[in-house]
Colleague: 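Submitted below is the structure of interest, expressed as structure tokens.
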Amino acid sequence: MLRIHNTLTRSKQPFIPIAPPRVAMYVCGMTVYDYCHLGHARVMVVFDAVVRWLRASGFDVTYVRNITDIDDKIIQRALENEEPIEALTARFIAAMDEDALALGVMKPDYEPRATQHVAGMLAMIGKLIERRMAYAIPGGDVYFSVRDFPGYGKLSGKSLEDLRAGERVEVAGDKRDPLDFVLWKAAKPGEPAWDSPWGKGRPGWHIECSVMSEHHLGSHFDIHGGGQDLQFPHHENEIAQSEGAHGHAFVNYWMHNGFVRVDNEKMSKSLGNFFTVREVLANYDAEVVRFFILRAHYRSPLNYSDQHLDDARSALTRLYTALKGAATAQRGEIDWSEPHAARFREAMDDDFNTAEAVAILFELANEANRLHSARHAGLLRALAGILGLLQRDPTQYLQSAPAVSALSAEDIELRIGERAAARKARDFAAADRIRKELADAGVTLEDNARGTVWRRQ
RNA sequence: GGCGCGAUGGCAGAGUGGUUAUGCAGAGGACUGCAAAUCCUUCCACGUCGGUUCGAUUCCGGCUCGCGCCUCCA
């Protein structure tokens, strides 16, 4: 049985869907004013693996990942770029789609955008005011009143007192409580705005997720995910809004993935220590990046460095090499009673332990190599497929070139031909010279009974 | 200051109250014209101080160090 670590209880709990086999899952996606960095990649890949495993386990998953396409930073960036907001967001949504596709991330079932749900937000804000959990102030802002929502802080494990004590920022004097957060922001002249009962304005950040999740999944659903940094205040506020408006439980299982780090520090926009997905993909195959992410547990911190990606690349090469030699059996149904498959399932059922699952993949590779077993190779490929790995033609993968490559496949084949002639003439010095030359260009040769095969790096 | 998470072998990274994680790297061997790949063998481990226990890396507590949240952030 699947167990999920629930942030609400800080423990692993058996996963019991509200209406099996249906599973409703919402993940906070990107604010589209810049390229995705590796932290975003981790969210996409991790929850992609979660959805894949849920589906492989027989659940009928509806997966929603939102797009925040209106917010202060978007407005500011559009202003800086002197381009319309719609053009800016369209550009970065397209870039995000490219990154996701490269990383093998399947499209969510729905990708709602904040700007498409303003009417729903107005309705929910109205309801919160009606239920006396929100209030409008003269300027046109509307705030959520945290003291009127019992249980505020239950997700992040903080009390209102703790939070007040820890305040680091001076707050506007018109809030009733410093911790009250904005639901609706009055527009300043020139800013994008929607009409509302409180005047022209735009939504606060948190309200969109409460509204869009309800729209697609209902007011009470199974799983809500996102990066650890969203736990507070974003997800805490979502709970306040949704439970405040509906009067019943919002989400049963909260999942938060760990940060990507650089030099032991969180990779973040504000620190400026981030690498965009496309920067990394210029030097590394996207599958290597996906493998690198999935090889760690989703809740652990993940340290990024070129050295670690090199390591991941070598490891992935071993897996593909095992597949190369074997006539992989057709994919089809997985025999879950097979010991490796059973352990794989056990690992994934234990809070999506992809690190353990990947280790089992290596054990299968060893079996496949040792026994020349197409059955093991086939199982390796099938199980890896659940993680979105090892689905390419092995030779194609092993010969794939990074962005900048000195030698073309044709050149390589040509040199291999010359070397074969030299070897036939038993001129091994010449043959070794050619091999050395190719090695220096990042190409490794392997002689076998049928001839010579090559791969990069 | 408040709250929380973590500390595993050269590196990365799972896990477990007593038994091999796994990968990369290293050493030796088999195979090879030599290599590569593969296989076999092998070195290297659980921050620190106490406690519980027949036995703790694994449970409990103190300490040290690191990280995160408390402000936008995946």
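Note that the coordinates shown come from a computational prediction; the quantities given were computed from them, not determined experimentally. We name chains A, B, ... by the order of the sequence lines, and we start the count at 1 in each one.
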Colleague: When you measure from the centre of the six-membered ring of A:Y33, is the NZ or CZ of A:K269 closer than 6.0 Å and no more than 45° off the axis?
Modeller: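 Yes, cation above the ring, under 6.0 Å and within 45°.
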Colleague: For B:rG1, give its Watson-Crick or G-U wobble partner with both distances under 3.5 Å, or none.
Modeller: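 When the pairing criteria are applied, B:rC70 turns out to be the nucleotide that pairs with B:rG1.
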Colleague: Taking the minimum atom-to-atom distance to the side chain of A:P233, which one of B:rC39, B:rC72, B:rG68 wins?
Modeller: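 The listed nucleotide nearest to A:P233's side chain is B:rC72.
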Colleague: Sort out the partner of B:rA45 for me: Watson-Crick or G-U wobble, both distances under 3.5 Å, none otherwise.
Modeller: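 Check on B:rA45: unpaired, no WC or wobble geometry under 3.5 Å.
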Colleague: Touch check for A:L445, heavy atoms < 4.0 angstrom, all strands: base, sugar-phosphate only, or nothing?
Modeller: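 Base, at least one base heavy atom under 4.0 Å.
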Colleague: Using the side-chain heavy atoms of A:L230, tell me which of these nucleotides is nearest: B:rA74, B:rC3, B:rC24.
Modeller: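 Of B:rA74, B:rC3, B:rC24, B:rA74 is nearest to the side chain of A:L230.
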Colleague: Using whole Å, report how far CG of A:N257 lies from P of B:rC5.
Modeller: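 For the pair A:N257 CG and B:rC5 P, the rounded distance is 17 Å.
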Colleague: Under 4.0 Å, heavy atoms only, any strand: does A:D432 hit a base, just the sugar-phosphate, or nothing?
Modeller: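 Base contact - A:D432 has a heavy atom under 4.0 Å of at least one base atom.
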Colleague: How far, in whole Å, is B:rC60 from B:rU53 if one measures between their C1' atoms?
Modeller: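 One C1' to the other, the span is 12 Å.
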Colleague: What is the nucleic acid contact for A:F362, judged by heavy atoms within less than 4.0 Å: base, sugar-phosphate only, or nothing?
Modeller: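 Sugar-phosphate only.
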Colleague: Name the closest nucleotide to the A:W205 side chain, picking from B:rC70, B:rC11, B:rC73.
Modeller: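 The closest nucleotide is B:rC73.
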Colleague: Both distances under 3.5 Å, Watson-Crick or G-U wobble: report the partner of B:rC34, or none.
Modeller: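 The answer is none; no pair meets the criterion.
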Colleague: Check this for me: A:Q307, atom CD, are more than 12 non-hydrogen atoms of other residues, nucleotides or ligands nearer than 6.0 Å?
Modeller: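 It does not: A:Q307 CD has 12 such atoms or fewer within range.
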Colleague: Rounded to whole Å, please give me the gap between CD in A:Q231 and P in B:rC72.
Modeller: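 Those two atoms, CD and P, are 15 Å apart.
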Colleague: B:rG6 P sits how many Å from A:R261 CZ, rounded?
Modeller: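 Checked: the CZ to P distance equals 12 Å.
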Colleague: Distance alone, cut at 3.5 Å: any donor-acceptor contact between the side chains of A:H256 and A:H235?
Modeller: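 Yes, because at least one side-chain N or O of A:H256 sits under 3.5 Å from a partner of the opposite role on A:H235.
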Colleague: For B:rU20, which nucleotide is its Watson-Crick or G-U wobble mate, given both distances must be under 3.5 Å?
Modeller: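 Pair assignment: B:rU20 / none.
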Colleague: A:L319 CG to B:rG23 P: how many Å, rounded?
Modeller: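 Between P of B:rG23 and CG of A:L319: 10 Å.
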Colleague: Measuring from atom OG1 of A:T317 to atom CZ of A:F291, what distance do you get when rounded to the nearest 0.5 angstrom?
Modeller: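 Result: 9.5 Å between the selected atoms.
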Colleague: With a 4.0 Å cutoff (strictly under), does any side-chain N or O of A:S300 reach OP1 or OP2 of B:rA14?
Modeller: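 Affirmative; the distance criterion is met.
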Colleague: Answer yes or no: does a side-chain N or O of A:N353 lie under 4.0 Å from OP1 or OP2 of B:rG15?
Modeller: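 True: A:N353 side-chain N/O within range (under 4.0 Å) of B:rG15 OP1/OP2.
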Colleague: To the side chain of A:A296, which of B:rC67, B:rA14, B:rC69 is closest?
Modeller: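 That would be B:rA14.
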Colleague: When we call it a touch if two heavy atoms are under 4.0 Å apart, what does A:S270 touch: a base, just sugar-phosphate, or nothing?
Modeller: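 Touches a base.
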Colleague: Determine the Euclidean distance between corresponding P atoms of B:rC67 and B:rC59; express it in Å to zero decimal places.
Modeller: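 These two P atoms come out 24 Å apart once rounded.
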Colleague: Got a sec: does the CG of A:N448 have more than 12 other heavy atoms crowding it under 6.0 Å?
Modeller: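 Yes, because the 6.0 Å sphere around CG of A:N448 holds more than 12 heavy atoms from other groups.
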Colleague: Donor-acceptor check, side chain of A:D141 to backbone of A:K185, threshold 3.5 angstrom: yes or no?
Modeller: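 The answer is no, because no donor-acceptor pair under 3.5 Å joins these two groups.
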Colleague: In whole angstroms, how far is the P atom of B:rC69 from the CZ atom of A:R10?
Modeller: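 Distance, rounded to whole Å: 14 Å.
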Colleague: Here's a test of your reading of the structure: between A:P301 and A:E363, which maps to the more 5' nucleotide of RNA chain B?
Modeller: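 That would be A:P301.
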Colleague: Can a side chain N or O of A:R164 be found less than 4.0 Å away from OP1 or OP2 on B:rG2?
Modeller: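 No.
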Colleague: To the nearest Å, give me how far apart CZ (A:R455) and C1' (B:rU38) are.
Modeller: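 After rounding, the gap between these two atoms is 11 Å.
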Colleague: Base, sugar-phosphate, or nothing: which does A:G29 touch, judged by heavy atoms less than 4.0 Å apart?
Modeller: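 Sugar-phosphate only.
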Colleague: Which part of the nucleic acid, if any, lies within contact of A:H256, taking any heavy atom under 4.0 Å across all strands shown: a base, the sugar-phosphate backbone alone, or nothing?
Modeller: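 Answer is nothing: A:H256 stays at 4.0 Å or more from every strand.
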Colleague: Could you tell me whether A:R419 contacts a base, only the sugar-phosphate backbone, or nothing, with contacts defined as non-hydrogen atoms closer than 4.0 Å?
Modeller: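 The answer is base, as A:R419 lies within the cut-off (heavy atoms under 4.0 Å) of a base atom.
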Colleague: Using atom P in both nucleotides, what's the gap between B:rA7 and B:rU57 to the nearest angstrom?
Modeller: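 Each nucleotide's P atom is 15 Å from the other's.
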Colleague: Give me the distance, rounded to whole Å, that separates B:rG15 from B:rG6 when you measure between the C1' atoms they each carry.
Modeller: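 Rounded to whole Å, the distance is 16 Å.
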Colleague: Using a heavy-atom cut-off of 4.0 Å across all strands, would you classify A:S159 as base, sugar-phosphate, or nothing?
Modeller: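 Counting heavy atoms under 4.0 Å across all strands, no contact is made by A:S159.
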Colleague: Who is the Watson-Crick or G-U wobble partner of B:rA7, with both distances under 3.5 Å?
Modeller: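 Pairing partner: B:rU64.
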Colleague: May I ask you to verify if any side-chain N or O of A:N369 is less than 4.0 angstrom from the OP1 or OP2 atom of B:rC39?
Modeller: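 It does, given that an N or O in the side chain of A:N369 lies less than 4.0 Å from OP1 or OP2 of B:rC39.
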Colleague: For A:D311 and for A:N303, find the nucleotide of RNA chain B with the closest heavy atom, then tell me which residue's nucleotide is more 5'.
Modeller: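 Upstream on the strand: A:N303.
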Colleague: Of all the nucleotides listed (B:rA74, B:rA21, B:rC39), which has the minimum atom distance to the side chain of A:H37?
Modeller: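 Nearest nucleotide to the side chain: B:rA74.
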Colleague: For atom P, what is the distance between B:rA12 and B:rC70, given to the nearest Å?
Modeller: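 Each nucleotide's P atom is 27 Å from the other's.
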Colleague: Base, sugar-phosphate, or nothing for A:A359, non-hydrogen atoms under 4.0 angstrom?
Modeller: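 Touches a base.
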Colleague: Among B:rG33, B:rA74, B:rG13, which nucleotide sits nearest the side chain of A:F259?
Modeller: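 Nearest listed nucleotide: B:rA74.
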Colleague: Testing the 3.5 Å rule here: is there a donor-acceptor pair between the side chains of A:E413 and A:W454?
Modeller: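 Checked: A:E413/A:W454 side chains pair up, N/O donor to acceptor below 3.5 Å.
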Colleague: First locate atom OH of A:Y152, then atom CG of A:L179, and finally report the distance between them rounded to the nearest 0.5 Å.
Modeller: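 Between A:Y152 OH and A:L179 CG, I get 6.5 Å after rounding to 0.5 Å.
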Colleague: Is there a Watson-Crick or G-U wobble partner for B:rU53 with both distances under 3.5 Å, and which nucleotide is it?
Modeller: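 Pair assignment: B:rU53 / none.
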Colleague: Does the B:rC69 base have a donor-acceptor partner in the side chain of A:K158 within less than 3.5 Å?
Modeller: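 Checked by distance alone, the answer is yes.
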Colleague: Roughly how far apart, to the nearest Å, are B:rA21 and B:rG10 at atom P?
Modeller: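 My reading of the P atoms in B:rA21 and B:rG10 gives 14 Å.
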Colleague: Is it the case that over 12 heavy atoms from other parts of the model lie below 6.0 angstrom from the CZ atom of A:F362?
Modeller: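 Above 12, so yes.
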Colleague: For A:K266, report the nucleic acid contact type (base, sugar-phosphate, nothing); a contact means any heavy atom under 4.0 Å.
Modeller: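 Base, at least one base heavy atom under 4.0 Å.
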Colleague: Applying a 4.0 Å non-hydrogen cut-off, can you work out what A:R42 is touching in the nucleic acid: base, sugar-phosphate, or nothing?
Modeller: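 Touches nothing.
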Colleague: Sticking with atom C1', work out how far B:rG47 lies from B:rC65, rounded to a whole angstrom.
Modeller: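 So the two C1' atoms sit 8 Å from each other.
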Colleague: Mind checking if A:R435 touches a base, just sugar-phosphate, or nothing, with heavy atoms under 4.0 Å?
Modeller: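 Here A:R435 touches the bases of the nucleic acid.
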Colleague: Just checking A:V260: base, sugar-phosphate only, or nothing, at a heavy-atom cut-off of under 4.0 Å?
Modeller: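 Base contact.
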Colleague: For B:rC46 versus B:rU58, give the span between their P atoms, rounded off to a whole number of Å.
Modeller: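 Here B:rC46 and B:rU58 have their P atoms 11 Å from each other.
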Colleague: Counting only distance, no hydrogens or angles, is the base of B:rG33 paired donor-acceptor with the side chain of A:R426 under 3.5 Å?
Modeller: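 Answer is no: no donor-acceptor pair is held.
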Colleague: If I take atom CG in residue A:N366 and atom P in nucleotide B:rU38, what distance separates them, rounded to the nearest angstrom?
Modeller: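 In whole Å, B:rU38 P and A:N366 CG are 10 Å from each other.
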Colleague: Classify the nucleic acid contact of A:D447 as base, sugar-phosphate or nothing, counting any heavy atom under 4.0 Å across all strands shown.
Modeller: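 The residue A:D447 makes base contact.
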Colleague: Could you give the CG-to-C1' distance, from A:D72 to B:rC73, as a whole number of Å?
Modeller: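 Rounded to the whole Å, the gap is 13 Å.
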Colleague: Scan A:E236, A:Q231, A:E238 and name whichever one has a side-chain hydrogen bond (donor to acceptor under 3.5 Å, both in side chains) with A:H234.
Modeller: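 So, applying the side-chain hydrogen bond (donor to acceptor under 3.5 Å, both in side chains) to A:H234 and each of A:E236, A:Q231, A:E238, only A:E238 qualifies.
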